[in-house]
Amino acid sequence: MTGNNLAIIVLAAGQGTRMKSRLPKVLHAIGGRPLVGHVLTTAGRLGADHIEVVVRHERDQVVGALSEAYPEAIFVDQDDIPGTGRAVQVAVDALPQDFDGDVLVLSGDCPLADADTLQAFLAAHRKADAAATLMTAVVDDPTGYGRVIRDADGGVDRIVEQKDASDDEIAVREINAGMYVFRVGVLREYLPAVGVDNAQGEMYLTDVPGMLRRDGGRVAASVVSDVTVTFGVNDRAQLAEVGRLLNARIVRRWQLEGVTIIDPATTWIDDDATLSADVTLLPNTHLLGATVVAPGALIGPDTTLVDCEVGEDAVVRRTDATLAVIGPKATVGPFSFLRAGTVLGAGGKIGAYVETKNAEIGDGSKVPHLSYVGDATIGRGVNLGASTITANYDDVNKHRTEIGDEVHTGSHTVLVAPVRLGAGAKTGAGAVVRKDVPAGALAMTVAPQRNIEGWVEKNRAGTGAADAAAREKSAE
Ligand code: UD1
Ligand code: CA
């Protein structure tokens with residue numbers, strides 16, 4: 001969608017000193033996506049003709065994190081002159097000369113402004129025929145934000161930054177949300193005149209509305225009722241708070257789509273995860289990355305799934321899984337660890353204390369207890385006895401294990417890869433299988449059992465074991 005006569009400028013050049021982090025602030029993630037990624041995702045929904053991201057601090061890292069996911073974004077480098085005013089100026093200079101529409105300015109550290117809010121904001125600006133429109137909010141604690149100073153008629157007079165504010169101004173609770181629409185001509189005219197004569201020695205974008213007003217320009221304010229859409233992240237406490245608000249929004253969205261979520265406070269769902277009706281999430285469940293859950297699945301408690309696919313009516317309890325596919329009606333857990341490349345077929349089972357990796361486990365096949373299955377292909381209807389292990393690594397290379405349909409292994413079988421068990425084969429308990437087993441064969445590798453009668457009474461006379469043995473024998 002183009003032709004909206006709209007350019008969007010996303011400010012992402014600052015360091016974010018208050019984060020005290022090696023990572024640039026705008027790359028800190030909530031909901032599985034960097035802060036600035038949320039802003040760009042929303043920006044992408046507004047039908048803008050141009051989307052620009054202003055970068056400077058760790059610019060390569062910021063560009064690297066965003067360019068693939070947001071191919072429509074143009075990255076513009078801010079020079080050494082600091083401040084949001086300079087950031088917008090370099091972005092405006094990078095727009096085509098003949099662009100004469102509106103410029104929506106967004107901050108890379110304010111991820112909660114959704115597309116509906118911004119559409120309404122833009123519509124208010126256009127309806128008021130204003131030269132500039134600020135988004136503002138009245139908040140309980142305005143600390144850190146720029147304050148909106150109104151004139152006697154209630155119109156916007158100017159914005160004052162907290163560090164430059166008088167005591168009276170500090171008491172004002174209407175804040176500048178840091179989101180604005182300007183006619184591009186306003187920015188071209190006034191930004192070159194913005195100075196750095198302020199407490200932070202920066203070119204403030206926030207000077208522009210006051211300057212415009214002095215010249216009789218029309219400055220409007222759009223006061224949002226849901227103040228959370230304006231929340232910005234400047235430190236780690238705000239990162240957690242904004243992350244919690246985003247998660248609450250995502251949880252509610254899925255609840256309204258028919259997902260039962262027992263405990264929203266301990267259920268974390270990334271923005272890219274996809275759920276379905278009649279899914280049930282038990283407490284402390286984390287559905288991360290591009291996880292997809294089919295209808296009727298039950299997940300949790302205490303489960304983390306990263307980039308997983310869960311089939312219809314599957315049950316996944318107390319499990320940690322990454323890049324795994326869990327088939328319909330399959331059951332996983334409790335205490336299972338599914339690593340990348342695990343594919344569990346329909347009706348299959350991965351049970352307690354089982355670790356899997358690069359393992360295709362066919363329909364109806366079961367790995368119920370205490371096993372490691374890595375680099376394996378397992379057919380249908382297989383049952384691996386408790387503590388069956390694939391020994392896939394010889395200290396140098398990884399090797400594959402292949403198991404045909406309907407194979408049953410005895411408890412404590414070690415499958416030394418590369419090795420193949422033909423369809424219907426069986427292994428005895430404790431077998432160490434180093435050679436292929438033909439279809440239908442029973443593989444036994446443990447020496448036949450030999451009982452030495454009376455050994456305990458002879459060699460351990462006077463112990464509890466010897467006495468117990470004697471008692472049992474006399475009772476026979
Ligand atoms: C800014 C506003 C303040 C408003 C608040 C809302 C100014 C001067 N102040 O303050 O009125 O209440 O946002 O959240 O604009 N950035 C650049 N280049 C720079 C400096 C910053 O691109 O030279 C970017 C940052 O990466 C960030 C955004 O601009 O994404 C805002 O910068 P920040 O330093 O967080 O401004 P605030 O102090 O929060
Ligand atoms: Ca900020």
Side-chain angles (χ1 to χ4, degrees), residues 8-19 21 23-28 34-40 43 52-59 61-63 66 75-92 94 105-113 132 134-139 141-149 156 158-165 169-170 172-180 182 187 191 194-210 221 224 227-239 241-242:
I8 300 178
I9 297 174
V10 177
L11 306 185
Q15 177 176 355
T17 320
R18 290 164 277 182
M19 295 296 280
S21 178
L23 190 68
K25 171 172 75 177
V26 294
L27 293 189
H28 280 261
L35 294 171
V36 63
H38 290 281
V39 179
L40 284 170
E52 295 181 320
V53 184
V54 184
V55 292
R56 183 184 57 212
H57 177 72
E58 298 287 0
R59 66 93 59 199
Q61 201 182 344
V62 176
V63 174
L66 301 174
F75 294 89
V76 180
D77 288 286
Q78 186 176 350
D79 57 16
D80 286 339
I81 301 171
T84 49
R86 183 61 173 179
V88 170
Q89 190 178 19
V90 297
V92 168
V105 177
L106 303 173
S107 284
D109 63 351
C110 293
L112 295 181
L134 325 176
M135 185 187 294
T136 77
V138 179
V139 299
D141 177 12
T143 308
Y145 288 95
R147 309 297 203 277
V148 178
I149 308 304
V156 174
R158 66 203 155 85
I159 300 168
V160 60
E161 291 304 296
Q162 164 147 331
K163 287 186 176 149
D164 303 291
E169 290 166 341
I170 289 222
V172 170
R173 292 193 301 118
E174 185 179 7
I175 58 109
N176 165 34
M179 290 173 253
Y180 323 76
F182 295 97
L187 296 171
L191 282 171
V194 171
V196 294
D197 182 16
N198 52 55
Q200 303 185 77
E202 294 183 354
M203 272 178 73
Y204 288 166
L205 178 61
T206 47
D207 283 355
V208 171
V224 292
V227 299
T228 66
V229 302
T230 70
F231 284 4
V233 173
N234 294 311
D235 58 38
R236 310 259 185 160
Q238 290 170 328
L239 181 70
E241 174 66 4
V242 165

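Not measured: the values here are computed from a predicted model. In listed order, ligands and their atoms are each counted from 1.
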Positive for side-chain contact (heavy atoms from CB on, under 4.5 Å) with L134, one of I159, I175, V208: I159
Test of understanding: given a 4.0 Å heavy-atom threshold, classify the contact between K25 and ligand 1 as side chain, backbone, both, or neither. side chain
Using only atom types and a distance under 3.5 Å, with no angle test, would you say the side chain of Q78 pairs donor to acceptor with the backbone of I81? yes
What residue and atom, counting heavy atoms only, is the protein's closest point to atom 21 (C) of ligand 1, and at what distance? T84 CG2, 3.9 Å
Please name the atom of D109, restricted to N, O or S, that is closest to the Ca ion (ligand 2). OD2
Can you figure out which of E202, R18, R56 has its heavy atom closest to atom 34 (O) of ligand 1? R18
Non-hydrogen side-chain atoms of V227 and V138 separated by less than 4.5 Å: no
May I ask you to check if ligand 1 and G83 share an N or O to N or O distance below 3.5 Å? yes
Judging by distance only, is a nitrogen or oxygen of S107 under 3.5 angstrom from one on ligand 1? no
Using a plain distance cutoff, I'd like to know if G144 has any nitrogen or oxygen under 3.5 Å from a nitrogen or oxygen of ligand 1. no
Under 3.5 Å, side chain of R59 to main-chain N/O of F75, donor-acceptor pair present? no
Under 4.0 Å from ligand 1, counting heavy atoms only, is it the side chain of N234, its backbone, both or neither? side chain
Atom 19 (C) of ligand 1 touched by protein (heavy atom, under 4.0 Å): yes
Has the side chain of R56 got a donor or acceptor atom that lies under 3.5 Å from a matching backbone atom of D79? yes
Hey, is the main chain of G232 close enough, under 3.5 Å, to the side chain of D109 for a donor-acceptor pair? no
Which residue supplies the protein heavy atom nearest to atom 25 (C) of ligand 1, what is that atom called, and how far is it? G14 N, 3.7 Å
Consider every N or O of Y204 and every N or O of ligand 1, then say whether any pair is closer than 3.5 Å. no
Heavy-atom donor-acceptor pair, K25 side chain to M19 backbone, under 3.5 Å: no
closest protein heavy atom to atom 30 (O) of ligand 1 is L11 O, 2.8 Å
Return yes when at least one protein heavy atom is under 4.0 Å from atom 36 (O) of ligand 1, and no when none is. no
Is the closest side-chain heavy-atom distance between R147 and I170 below 4.5 Å? yes
In the protein, which heavy atom is nearest to atom 1 (C) of ligand 1, and how far is it? E161 OE1, 4.5 Å
Any N/O pair T206/ligand 1 closer than 3.5 Å: no
Apply side-chain contact (heavy atoms from CB on, under 4.5 Å) to Y180 and V88, showing your working. CA-CA 11 Å; Y180 323 76; V88 170; over 6 Å; no
G146, any N or O under 3.5 Å of ligand 1 N or O: yes
Any heavy atom of R86 under 4.0 Å from ligand 1? The part involved is neither
Between the side chain of T136 and the main-chain N/O of E174, is any donor-acceptor distance below 3.5 Å? no
Could you tell me whether any N, O or S atom belonging to N234 is less than 3.0 Å from the Ca ion (ligand 2)? yes
Please confirm whether the backbone N or O of G144 pairs with a side-chain atom of Q162, one donor and one acceptor, at under 3.5 Å? yes
Which pair of heavy atoms, one from T230 and one from M135, lies closest together, and at what distance? CG2-SD, 4.2 Å
Per-residue contact class, A13 against ligand 1 - non-hydrogen pairs under 4.0 Å: both
Can you tell me which residue and heavy atom of the protein come closest to atom 5 (C) of ligand 1, and the distance to 0.1 Å? N176 O, 4.0 Å
